[in-house]
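We're numbering straight along the sequence, starting at 1.
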Amino acid sequence: MNVFQEAQRFWLFLQSPSVMRRQESLDAPQAARLLVLAALVLAAVYAVAVPFQQRVAVAHGATNLFDDGSIPQGVIITLALVMVPIEELIFRFWMRRPRALPLCAGGAALLTALSFGPASSLTNWLAFGAFGIGCVIWAHVRKLAPDGPYEDWLSRHFGLWVWGSILLFAGLHLSNWTIDTVSVAVLALVLPQLALGLMASFVCLRAGFLWAVALHLANNLYSFML
């Protein structure tokens, strides 16, 4: 695996994620090297993003729910590890299995609503409805012919769905914060998750879904050490 070539592919991915669908997947040794490279890139990004994130948090009176001491460390670690496969199934699995997109989109709506809203809110019930609709559409789509209208539609809009997934994944993590002063600047609080979403999506498309899970897991373990 050539690092310079992978950097070029990542740049192409940023411009048009659909390009990656036409790339040949890496074999296991190459995928492992890509995983290490992606982890190093994330570590470098975090070296810049985390201090900036902390300054924004202080300026806006923001407190991370997992850093205020109210939740036992063991619970935090367990929750972080359990959420890795769940989040990857929702936000990345469809990139390798496009017909799962309706199911994953419904799951994303449900997870977002449950993360931000009270348990009895109307939003949550609407999200459950969206998830149910996603299940119904998925059950229909999975029976369609391989080269039918659905594949054509997804090919045209694949990049939009990838970027939407990346941004929603990052935005979802705003629910980890309590914020006194809200402004556009608080979006910087999820810069690490934006970087992770970008790298995990690239790794998923380039190497496979399980490699994206491995990167997400390594990311969370690294976060515990910061």
Inset, instruction - Could you walk me through whether I86 and M83 pass side chain to side chain contact (heavy atoms under 4.5 Å, CB included), step by step? - result: CA-CA 5 Å; I86 294 175; M83 287 304 297; 4.1 Å; yes
Inset, instruction - Apply the test side chain to side chain contact (heavy atoms under 4.5 Å, CB included) to residues W211 and L26: give CA-CA distance (whole Å), side-chain angles for both, the deciding distance (0.1 Å), then the verdict. - result: CA-CA 11 Å; W211 293 102; L26 299 174; over 6 Å; no
Legend entry - Criterion side chain to side chain contact (heavy atoms under 4.5 Å, CB included) on V41 and Y46, from CA distance to verdict: CA-CA 9 Å; V41 170; Y46 281 20; over 6 Å; no
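Side-chain contact check for I179 versus L189: some heavy-atom pair is nearer than 4.5 Å. The shortest distance between side-chain heavy atoms of F169 and I90 does not fall below 4.5 Å. Proximity of L194 to L167: side-chain heavy atoms (C-beta onward) are separated by under 4.5 Å at one or more points. Taking the side chain as every heavy atom from C-beta outward, C104 and F91 never approach each other to under 4.5 Å. Put simply, the side chain of L89 reaches to within 4.5 Å of the side chain of F209, judged on heavy atoms.
A continuous path of ILVMFWY side-chain contacts below 4.5 Å connects M199 to L221, so both sit in one hydrophobic cluster. Note on L196: it clusters hydrophobically with L14, by side-chain heavy-atom contacts below 4.5 Å among ILVMFWY residues. A single hydrophobic cluster is not seen to contain both I133 and V136; linkage of ILVMFWY side chains at heavy-atom distances under 4.5 Å, directly or through other members, places them apart. By the criterion of side-chain heavy atoms lying less than 4.5 angstrom apart, applied directly or through intervening Ile, Leu, Val, Met, Phe, Trp or Tyr residues, F4 is not grouped with L35; the two fall into different hydrophobic clusters. Put simply, L65 and F116 are part of two different groups of oily side chains (I, L, V, M, F, W, Y) that touch within less than 4.5 Å, one to the next.
L215 CG to L34 CG: the interatomic distance, rounded to the nearest 0.5 Å, is 8.5 Å. Residue Y150 holds its OH atom at 9.0 Å from CD1 of I137, rounded to the nearest 0.5 Å. Distance SG/C204 to CH2/W94: 9.0 Å, rounded to 0.5 Å. Here F13 contributes atom CZ and E6 contributes atom CD; the two are 12.5 Å apart, rounded to the nearest 0.5 Å. Rounding to the nearest 0.5 angstrom, the gap separating the CG atom in L110 from the CH2 atom in W125 is 11.0 Å. Here the CZ-CG distance, from F128 to L114, works out to 5.0 Å after rounding to the nearest 0.5 Å.
Within the structure, side chain to side chain donor-acceptor pair (under 3.5 Å) contacts touching residues 175-195 (residues at least two apart or in different chains) are H60-S183.
In terms of heavy atoms, V182 sits closest to V186 at CA-CG1, 4.4 Å. Closest approach of L191 and A49 over heavy atoms only: CB-CB, 4.2 Å. When every heavy atom of M95 is checked against every heavy atom of S201, the shortest pair comes out as CE-OG, 3.4 Å.
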Under 3.5 Å, side-chain donor or acceptor atoms of residues 151-158 against the rest of the protein: list the pairs with distances, not counting sequence neighbours.
unit_1, atom_1, unit_2, atom_2, d
E151, OE2, R99, NE, 3.3
S155, OG, E151, O, 2.8

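Checked against side-chain hydrogen bond (donor to acceptor under 3.5 Å, both in side chains), E88 has the following partners two or more places apart in sequence or in another chain: R92, H216.
The main-chain N or O of A100 is never found under 3.5 Å from a side-chain atom of R142 such that the two would form a donor-acceptor pair.
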